[in-house]
Amino acid sequence: LIGPVVAETPPDALFLSGWVASAIGPVSITTSSDSPIQIQKLSTAPGTDVVKYFADNGKEGIDALRFSMITDCRSKDCDVALTAKNGEIQTISLFSPVKGAIPLTPPFYGHFDVVQRNSSSVLNPRTQEGLRIAIASFAVHLAQIMVPILSFSATVGVLYYFVYFRHNLRNDGLFVLAVTSAASVLMRCFIVSYIDIVSWHSINIVYLGPCYPFMIVYAVTGTTILANVTKDLHLERRRLRKTDPSEM
């Protein structure tokens, strides 16, 4: 039913994260002008934890920067430059880096926390798994279409219920479940966004994936509320129509 499953990871891509520090003012990371390296993603954030570490060890006046990047370094002449505020420059070679201290001389310091090389891979499913993979793929595509639609109808149902039917005990349980699920999704998104701004690149499927079950619960319960509210309104109108003397 389907062919080989290809994991779309850039071949020979190198993921690096860590920190650099300087004793002579703020430090920045740039690609050397004569370097063939291509930085696909470079994220930086203030290294407040590193500054605190140096301060606790008696070294004041340190400025630090945390970083993460993806590169495609394939030769010995690819490197990045560290530039201090006074213009002093040192380079970091990205050819076969290893986890640990970065070879720099004072007033620069650095450390690689994560060194991970990706490689493209082809996963060939067993014949018996072909049908299950096809069904799972169909379910994913169906969810991508239905969840946004149901989420919209759920929002309409929750707002409608809150404005007109908040005293109706029939749907209180569904309302609490829907609001709790929505709050969980919003809180998770807020936390991930905050981490992405102040630390590392965290807006991806790994960190946002746990929101999806709560989003499905919200979509289903909210849409159920909308259906119940619509039914109640219809029955109420029929009841009023029967009791209205002008229509007798």
Side-chain angles (χ1 to χ4, degrees), residues 1-9 41 43 45 68 122-248:
L1 294 176
I2 61 174
V5 179
V6 179
E8 295 183 357
T9 305
K41 294 181 180 180
S43 300
S68 66
V122 177
L123 307 177
N124 294 306
R126 291 174 292 181
T127 305
Q128 297 85 353
E129 295 182 351
L131 179 60
R132 282 180 287 180
I133 293 176
I135 294 174
S137 178
F138 173 77
V140 169
H141 288 297
L142 182 63
Q144 290 175 341
I145 297 173
M146 294 303 299
V147 169
I149 298 174
L150 293 179
S151 297
F152 175 78
S153 63
T155 302
V156 174
V158 169
L159 294 176
Y160 213 177
Y161 172 84
F162 182 76
V163 173
Y164 295 104
F165 293 89
R166 55 182 177 274
H167 301 302
N168 183 357
L169 298 178
R170 175 182 174 186
N171 294 308
D172 272 2
L174 290 175
F175 178 77
V176 171
L177 184 58
V179 171
T180 303
S181 299
S184 300
V185 172
L186 293 175
M187 182 61 68
R188 179 77 178 187
C189 292
F190 173 79
I191 293 174
V192 171
S193 300
Y194 178 78
I195 293 174
D196 188 83
I197 293 172
V198 303
S199 188
W200 69 87
H201 180 70
S202 59
I203 299 181
N204 54 55
I205 189 63
V206 175
Y207 296 102
L208 293 178
C211 295
Y212 209 68
F214 292 99
M215 198 66 205
I216 293 176
V217 172
Y218 170 74
V220 173
T221 54
T223 303
T224 303
I225 291 173
L226 178 62
N228 290 340
V229 167
T230 304
K231 181 180 178 181
D232 290 344
L233 283 174
H234 179 67
L235 292 176
E236 182 68 15
R237 288 174 181 173
R238 289 184 60 183
R239 185 182 66 81
L240 293 175
R241 191 175 301 166
K242 289 181 179 180
T243 57
D244 188 356
S246 62
E247 296 188 6
M248 297 297 292

Under 3.5 Å: donor-acceptor pair, side chain of Arg188, backbone of Gly209: no
Atom pair CG (Asp196) and SG (Cys189), whose distance is rounded to the nearest 0.5 Å: 12.0 Å
Validation row: Thr155, Tyr218 side chains within 4.5 angstrom (heavy atoms): yes
Trace of the side-chain contact (heavy atoms from CB on, under 4.5 Å) decision for Ser181 with Val185: CA-CA 6 Å; Ser181 299; Val185 172; 5.7 Å; no
Distance-minimising heavy-atom pair for Ala178 and Thr221: CB-OG1, 3.3 Å
Minimum-distance pair of heavy atoms, taken over all atoms of Val176 and Thr180: O-OG1, 2.7 Å
Flag side-chain contact, heavy atom, 4.5 Å: Asn228 against Tyr161: no
Closest non-hydrogen atom pair between Val158 and Gly222, with its separation: CG2-CA, 4.3 Å
Between OG on residue Ser137 and CG on residue Leu142, distance to nearest 0.5 Å: 11.0 Å
Contacts of type side chain to side chain contact (heavy atoms under 4.5 Å, CB included), residue His234, not counting sequence neighbours: Arg238
Ser153 side chain to Leu150 backbone, donor-acceptor under 3.5 Å: yes
Shortest non-hydrogen contact between Ala154 and Ala219, atoms and distance: CB-O, 3.7 Å
Intermediate values then yes/no, side-chain contact (heavy atoms from CB on, under 4.5 Å), Tyr212 and Val147: CA-CA 10 Å; Tyr212 209 68; Val147 169; 3.6 Å; yes
Distance, nearest 0.5 Å, that separates CD1 of Ile225 from CZ of Phe175: 7.0 Å
Interatomic distance, Lys231 atom NZ to Leu226 atom CG [nearest 0.5 angstrom]: 14.0 Å
